[in-house]
Amino acid sequence: MSSHVTQYAEYKSLGTAFLTCPTRNPGSVLSGAVENQLKTCGFKSNGDVIGLYLARQGLRSIPSLSQFNRLKYLWLNNNKIQDLNFLIKNYCLTELYLNNNELTDISGALKHLCSLQILFLHNNELKKLGKTVKELKGMISLHTLNLFQNPLAYDPDYRLYVIHILPSVQLLDRKLVTQRERESAFHLYNPERSLLVQSIAFGKRVKTPLGTPMGSRRCTHPARRLIMPSGCEFADNTNKVPFENPEDAVLVRAMTRSLTEFSSVDWNKVATCQERRLQNKAEEPLEKLTVQFR
């Protein structure tokens with residue numbers, strides 16, 4: 001038994017309002033077949049139907065399904081469908097199975113389905129990658145997408161492009177989307193922003209105690225530990241000289257004032273708000289690189 005049939009059986013076993021229309025005449029979907037099924041299942045109206053199974057019926061076209069205004073699950077796989085105009089009013093759809101049909105273009109047919117979570121479009125005749133993915137861009141809840149066995153899937157950058165345009169997708173063509181793929185897509189399609197993100201760092205002045213060893217590229221003085229005589233401080237209005245060599249005092253003041261610390265973060269590994277919401281797990285601490293120099 002195929003996966004979509006098994007899933008349909010699982011849904012139906014839960015007692016949800018599913019409708020099966022075993023007919024090869026699309027006109028009867030609006031008439032006798034639907035009415036008979038409603039009576040058999042005890043549904044009072046089309047509005048009670050949340051699932052409709054029309055798979056493997058040899059259908060080339062389907063009339064509007066707008067009367068099923070609460071429809072959530074729709075199986076239309078393994079038919080001969082060439083257009084999707086009949087879905088114009090089904091805003092509540094969360095799962096749509098259109099695989100194994102004869103679709104060549106989905107432009108303007110699916111973009112209103114903002115609640116869609118699962119979409120199967122594999123094994124069709126979709127050729128234009130940009131137009132197809134653009135149609136799905138507004139589906140912020142879409143987490144499972146199949147587009148394989150379409151001509152567009154042979155584009156060399158096909159997978160990275162889909163991952164870039166549809167960041168909510170977690171399972172693409174039956175394969176989990178990895179963090180490395182997301183990073184590669186970001187570098188490929190946002191090169192300027194990628195360079196900018198990598199250059200961001202946070203700097204601050206660091207206060208270190210006198211005598212703390214610290215390497216410096218600009219300092220040419222030999223490494224030594226400078227100790228101020230007891231009771232002597234800078235600007236104490238005394239005639240005492242705190243160091244035997246006055247140049248040592250200048251060096252100490254310069255070293256304590258010139259030390260700078262920069263911390264940088266790899267922003268490619270920082271999850272976005274949307275990714276944190278979808279993963280629904282505690283955020284791991286960030287890896288921060290800190291560099292001190294003079």
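In this text the structure is predicted, and so the values were computed from the model without any measurement.
- Using modelled atom types, no side-chain atom of Asn146 and backbone atom of Asn99 make a donor-acceptor pair closer than 3.5 Å.
- Here the rule is side-chain hydrogen bond (donor to acceptor under 3.5 Å, both in side chains) with Asn123, and of Asn78, Asn100, Asn150, Asn77 only Asn100 fits it.
- A heavy-atom distance below 4.5 Å is not found between the side chains of Ile165 and Tyr189.
- Checking Ile163, Val133, Leu129 one by one against Tyr158, the side chain to side chain contact (heavy atoms under 4.5 Å, CB included) holds for a single residue, Leu129.
- The CD atom of Gln170 sits 7.0 Å away from the CZ atom of Arg182 when rounded to the nearest 0.5 Å.
- In this structure, the side chain of Glu135 engages the main chain of Gly108 through a donor-acceptor pair within 3.5 Å.
- Relative ring orientation between His112 and Tyr91 is described as perpendicular, the plane-to-plane angle rising above 60° on a 0-90° scale split at 30° and 60°.
- Of the candidates Asn101, Ile81, Thr132, Asn101 is the only one forming a side chain to side chain contact (heavy atoms under 4.5 Å, CB included) with Asn124.
- Distance CD1/Ile140 to CG/Leu166: 12.5 Å, rounded to 0.5 Å.
- Using a 4.5 Å heavy-atom threshold, the side chains of Val49 and Gln67 count as separate.
- Once rounded to the nearest 0.5 Å, the distance linking CG of Leu119 with CG of Leu113 reads 8.5 Å.
- Inter-residue side-chain proximity for Phe86 and Ile88 is flagged as unmet; no heavy-atom pair is nearer than 4.5 Å.
- In terms of heavy atoms, Leu160 sits closest to Ala185 at O-CB, 3.5 Å.
- Here the side chains of Leu147 and Asp173 are in contact, with some heavy-atom distance below 4.5 Å.
- Leu110 places none of its side-chain heavy atoms less than 4.5 Å from the side chain of Leu116.
- Phe148 and His122 have parallel rings, their planes meeting at less than 30° on a 0 to 90° scale where 60° marks the start of perpendicular.
- Leu171 and Val169 fall into different hydrophobic clusters, where Ile, Leu, Val, Met, Phe, Trp and Tyr residues are linked whenever their side-chain heavy atoms come under 4.5 Å apart, directly or through other members.
- Using bins of under 30°, 30° to 60° and over 60° for the plane-to-plane angle, the ring pair Tyr97/Trp75 lands in the parallel bin.
- Side-chain contact check for Ile62 versus Leu76: some heavy-atom pair is nearer than 4.5 Å.
- Rounding to the nearest 0.5 Å gives a distance of 12.5 Å between NZ of Lys80 and OG of Ser61.
- Taking CZ of Arg70 as the start and SG of Cys92 as the end, the distance is 8.0 Å to the nearest 0.5 Å.
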>> side-chain contact (heavy atoms from CB on, under 4.5 Å) for Lys111 and Lys137? Distances and angles first, verdict last.
In response: CA-CA 8 Å; Lys111 60 183 177 181; Lys137 192 173 182 179; over 6 Å; no
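- Under the 4.5 Å side-chain criterion, counting only non-hydrogen atoms from C-beta, Glu95 is not in contact with Leu74.
- To the nearest 0.5 Å, atom NE2 of residue His143 and atom OG of residue Ser141 are 8.0 Å apart.
- At least one side-chain heavy atom of Arg159 sits less than 4.5 Å from a side-chain heavy atom of Val177.
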> Passes side-chain contact (heavy atoms from CB on, under 4.5 Å), Leu176 versus Thr178? Steps please.
Replying inline: CA-CA 6 Å; Leu176 284 173; Thr178 65; 5.5 Å; no
